[in-house]
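Just below is one structure, and these are the notes that go with it.
In what follows, every heavy atom counts, from backbone to side chain, and hydrogens, waters and symmetry copies are set aside.
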Amino acid sequence: MASTNLPRDSFGSKFGVVAASAGSAIGLGNIWRFPYVVGENGGGAFLLIYLAFIITIGLPVMLSEFTIGRKAQRNAFGSFRKLAPKSYWPLVGLMGIIAAFAILAFYSTIAGWTLEYIINSVSNSFAGNDPEVIFENFKSGTFRPILWQLIFMIMTAWIVFSGVKHGIERYTKILMPFLLLLIIIMCIRSLTLDGAAEGVEFLFRPDFSKISWPVILKALGQAAFSLSIGMGTLITYGSYINKKENLTKTAIQVSAADTIIAVLAGVMIFPAVFALGFQPDDGPGLVFVVLPGLFLEMPGGYVFSIIFFVLLAVAALTSTVSVLEVVVAYFSEELNISRKRATVIAASSIWVLGIFATLSFSDLSGFKILDKTIFDLLEYFAANMLLPLGAMLIVIFLGWHLGYKKTRLEITNEGLFKGRMFGVYFFIIKFIAPIAIALVFLYGIGLINF
Ligand code: TRP
């Protein structure tokens with residue numbers, strides 16, 4: 001058992017571990033991104049490939065991150081330094097810290113939008129207006145999007161500031177069941193609309209003619225982003241998991257919860273889209289343009305609009321918390337400052353970077369680099385480069401550096417569990433996952449083109 005000099009904060013219960021980790025995984029990736037990516041890439045066939053990746057790649061990588069974190073009992077950087085001293089491996093952790101900065105900067109832009117949309121829903125301001133115009137006017141502004149982003153960062157910082165047990169665990173234990181309730185209400189509403197069946201069919205009927213290499217790779221990228229892997233988020237959370245917990249079971253539960261919510265997001269959105277005669281493949285605007293229009297025509301739409309955007313904000317919040325925690329754990333442990341001070345420094349510097357992401361949509365976005373906005377650059381850099389590279393290096397670290405024996409001991413709690421599937425898992429992380437992820441990476445940076 002790893003002994004530490006400092007008393008380290010940790011999760012206090014099994015449910016807390018799952019709630020916090022599922023809270024990280026379930027976010028804008030599930031509810032904002034997943035439905036439009038499915039919509040653009042052929043529905044059910046994409047879903048099938050996505051599910052295959054979750055099970056064969058996502059789940060093993062998630063388990064690997066938990067394993068590294070719990071074994072080392074440190075932040076993402078410190079974990080590598082402890083398990084592989086005097087090597088270059090800690091750079092993987094550092095990469096994760098940088099990715100966290102980048103992801104939170106652009107993620108908090110969209111998260112801030114959800115707050116504006118809660119207010120719009122409550123004040124019924126979609127009525128009589130074109131949702132497209134509302135969306136364009138809002139996101140091209142300066143003051144309001146930045147203010148919402150700030151408010152979102154303050155909410156995130158408050159939870160992280162309060163600690164692992166008394167902040168992250170406490171809030172996610174309340175928010176995650178709440179989120180599940182909201183999404184079930186929304187699904188029932190959507191499925192009971194006349195003509196809902198067409199949307200259900202669209203989501204589940206595989207159309208393999210749409211499948212191509214880029215689509216397959218997109219499914220893998222979406223799976224990784226959705227499960228929060230590749231950045232040390234789950235290393236950091238893993239370091240707060242009790243030595244008695246079953247990591248394999250936890251990883252299975254979290255992956256299952258993430259997948260179920262993504263599918264439910266599809267079930268909530270597509271039947272409504274089809275029933276009211278909208279188009280399923282409307283890109284990132286699906287949630288902020290199509291849905292408001294849809295709520296206007298739906299019986300009870302006023303209430304369901306509020307529920308939906310609250311749901312979106314809650315999902316985003318438990319995710320932004322997990323990203324900020326990566327940076328805060330690093331600052332406080334490696335620079336030896338208090339959690340509270342680390343939170344203030346991390347959150348405010350990320351917000352400043354985030355302003356540039358938000359302004360990317362404004363009329364002020366004169367600063368384009370290589371013809372790309374800061375938002376696009378951050379998203380591209382983090383999602384297409386740092387995350388796949390991080391996930392690949394993490395499994396290579398376990399498979400080729402830490403090795404079979406030590407990994408097995410940590411995962412089976414020193415031999416307490418039989419670990420019947422361990423051989424399969426280890427084969428995947430040693431050979432299959434690195435190669436599969438490498439393909440995504442090469443595609444992501446454009447070295448392979450289809
Ligand atoms: N998984 C979250 C979502 O689906 C986003 C997220 C949180 C994330 N932490 C992460 C993505 C770490 C990548 C890495 O919205």
Task: Side-chain donor or acceptor of N137 paired with backbone N/O of I134 under 3.5 Å - done: no
TODO: Measure the spacing between CG of N41 and NZ of K218 and express it to the nearest 0.5 Å.
DONE: 4.5 Å
- [ ] Check step by step if side chain to side chain contact (heavy atoms under 4.5 Å, CB included) holds for V254 and L234.
- [x] CA-CA 11 Å; V254 173; L234 300 175; 5.9 Å; no
Open item on the list: I'd like to check the side-chain hydrogen bond (donor to acceptor under 3.5 Å, both in side chains) partners of E410; sequence neighbours left out, ordered by chain and number.
Closed with: R70, K243
Open item on the list: Quick one about T109 and T358 (side-chain donor to acceptor, distance below 3.5 Å, no hydrogens or angles considered), yes or no?
Closed with: yes
- [ ] For T343, check side-chain hydrogen bond (donor to acceptor under 3.5 Å, both in side chains) against everything at least two apart and list the hits.
- [x] none
Open item on the list: Are the side chains of I98 and F381 in contact, using a 4.5 Å heavy-atom criterion?
Closed with: yes
Open item on the list: According to salt bridge (Lys or Arg N to Asp or Glu O under 4.0 Å), who are the partners of R170, at least two apart in sequence or on a separate chain?
Closed with: none
TODO: Without swapping roles, check the side chain of D9 against the backbone of G163 for a donor-acceptor pair under 3.5 Å.
DONE: no
Open item on the list: We want to know whether R8 and S239 form a side-chain donor-acceptor pair, criterion being a heavy-atom distance below 3.5 angstrom.
Closed with: yes
Table please: side-chain donor-acceptor pairs of residues 32-39 below 3.5 Å, with sequence neighbours left out.
residue: W32; atom: NE1; partner: P284; partner atom: O; Å: 3.1
residue: R33; atom: NH1; partner: Q222; partner atom: OE1; Å: 2.4

Task: Test item: N129 side-chain N/O and P131 main-chain N/O as donor-acceptor pair under 3.5 Å - done: no
For residues 83-97, tabulate all N or O donor-acceptor pairs below 3.5 Å that involve a side-chain atom, not counting sequence neighbours.
residue: S87; atom: OG; partner: A84; partner atom: O; Å: 2.7
residue: S87; atom: OG; partner: W89; partner atom: N; Å: 3.1

Task: CG-CE distance between L150 and M155, expressed to the nearest 0.5 angstrom - done: 11.0 Å
Sequence neighbours excluded and cut-off under 3.5 Å, please list the side-chain donor-acceptor pairs for residues 300-307, or say none.
residue: Y302; atom: OH; partner: V122; partner atom: O; Å: 2.6
residue: S305; atom: OG; partner: S121; partner atom: OG; Å: 2.7

Task: Whether F126 and F309 hold their rings parallel, tilted or perpendicular, with breakpoints at 30° and 60° - done: tilted
Open item on the list: By the salt bridge (charged side-chain N to carboxylate O under 4.0 Å, His left out) test, which pairs, at least two apart or in different chains, include something from residues 245-268?
Closed with: K14-E245
TODO: Specify whether F422 and Y425 have parallel, tilted or perpendicular ring planes, treating 30° as the upper limit for parallel and 60° as the lower limit for perpendicular.
DONE: tilted
- [ ] Check V310, N120, I151 against L115 for a side-chain contact (heavy atoms from CB on, under 4.5 Å) and give me the one that passes.
- [x] I151
Open item on the list: Tell me whether E65 contacts the main-chain N or O of I229 through its side chain, where contact means a donor paired with an acceptor under 3.5 Å.
Closed with: no
Open item on the list: Tell me if the aromatic rings of F361 and W113 count as close, with their centers under 6.0 Å from one another.
Closed with: yes
Please list, one pair per line, the donor and acceptor atoms closer than 3.5 Å that link side chains of residues 389-397 to other protein atoms, with sequence neighbours excluded.
none

TODO: Could you go through the salt bridge (Lys or Arg N to Asp or Glu O under 4.0 Å) check for R339 and E325 one step at a time?
DONE: CA-CA 10 Å; R339 160 173 290 271; E325 177 61 24; 2.9 Å; yes
Open item on the list: Main chain of M268, side chain of S190: is a donor-acceptor contact present, judged purely on distance under 3.5 Å?
Closed with: yes
Open item on the list: Run the salt bridge (Lys or Arg N to Asp or Glu O under 4.0 Å) test against E136 and tell me which residues pass, sequence neighbours left out.
Closed with: K139
TODO: Check whether any side-chain heavy atom of F106 sits under 4.5 Å from a side-chain heavy atom of L377, and report yes or no.
DONE: no
Open item on the list: Y237: which residues meet the side-chain hydrogen bond (donor to acceptor under 3.5 Å, both in side chains) condition with it, sequence neighbours left out?
Closed with: none
TODO: Decide whether S24 and S228 meet the rule of one side-chain donor and one side-chain acceptor closer than 3.5 Å.
DONE: yes
Open item on the list: When you compare the side chains of T236 and N75, does any donor N or O come within less than 3.5 Å of an acceptor on the partner?
Closed with: no
Open item on the list: Can a donor-acceptor pair be found, under 3.5 Å and without considering hydrogens, that links the side chain of S360 to the backbone of T373?
Closed with: no
- [ ] For Y117 and F288, indicate whether the former's side chain and the latter's backbone hold a donor-acceptor pair under 3.5 Å.
- [x] yes
Task: Residues forming a salt bridge (Lys or Arg N to Asp or Glu O under 4.0 Å) with R81, sequence neighbours excluded - done: E334
- [ ] Report yes if some heavy atom in the side chain of V164 is under 4.5 Å from a heavy atom in the side chain of S10; otherwise report no.
- [x] no
TODO: Supply the atom-to-atom distance I241 CD1 to Q73 CD, rounded to the nearest 0.5 angstrom.
DONE: 10.0 Å
Open item on the list: Could you check whether any side-chain N or O of S349 sits under 3.5 Å from a backbone N or O of A346, counting only pairs where one atom can act as donor and the other as acceptor?
Closed with: yes
- [ ] Would you please name every residue forming a side-chain hydrogen bond (donor to acceptor under 3.5 Å, both in side chains) with T114, sequence neighbours left out?
- [x] none
Task: R341 backbone acceptor or donor facing S338 side chain under 3.5 Å - done: yes
Open item on the list: Within the 4.5 Å heavy-atom criterion, are L247 and T67 side-chain neighbours or not?
Closed with: yes
Open item on the list: Any side-chain to backbone donor/acceptor pair from R189 onto I184? Under 3.5 Å, distance only.
Closed with: no
Open item on the list: With a sphere of 6.0 Å drawn around CZ of F417, does it hold more than 12 non-hydrogen atoms of other residues, nucleotides or ligands?
Closed with: yes
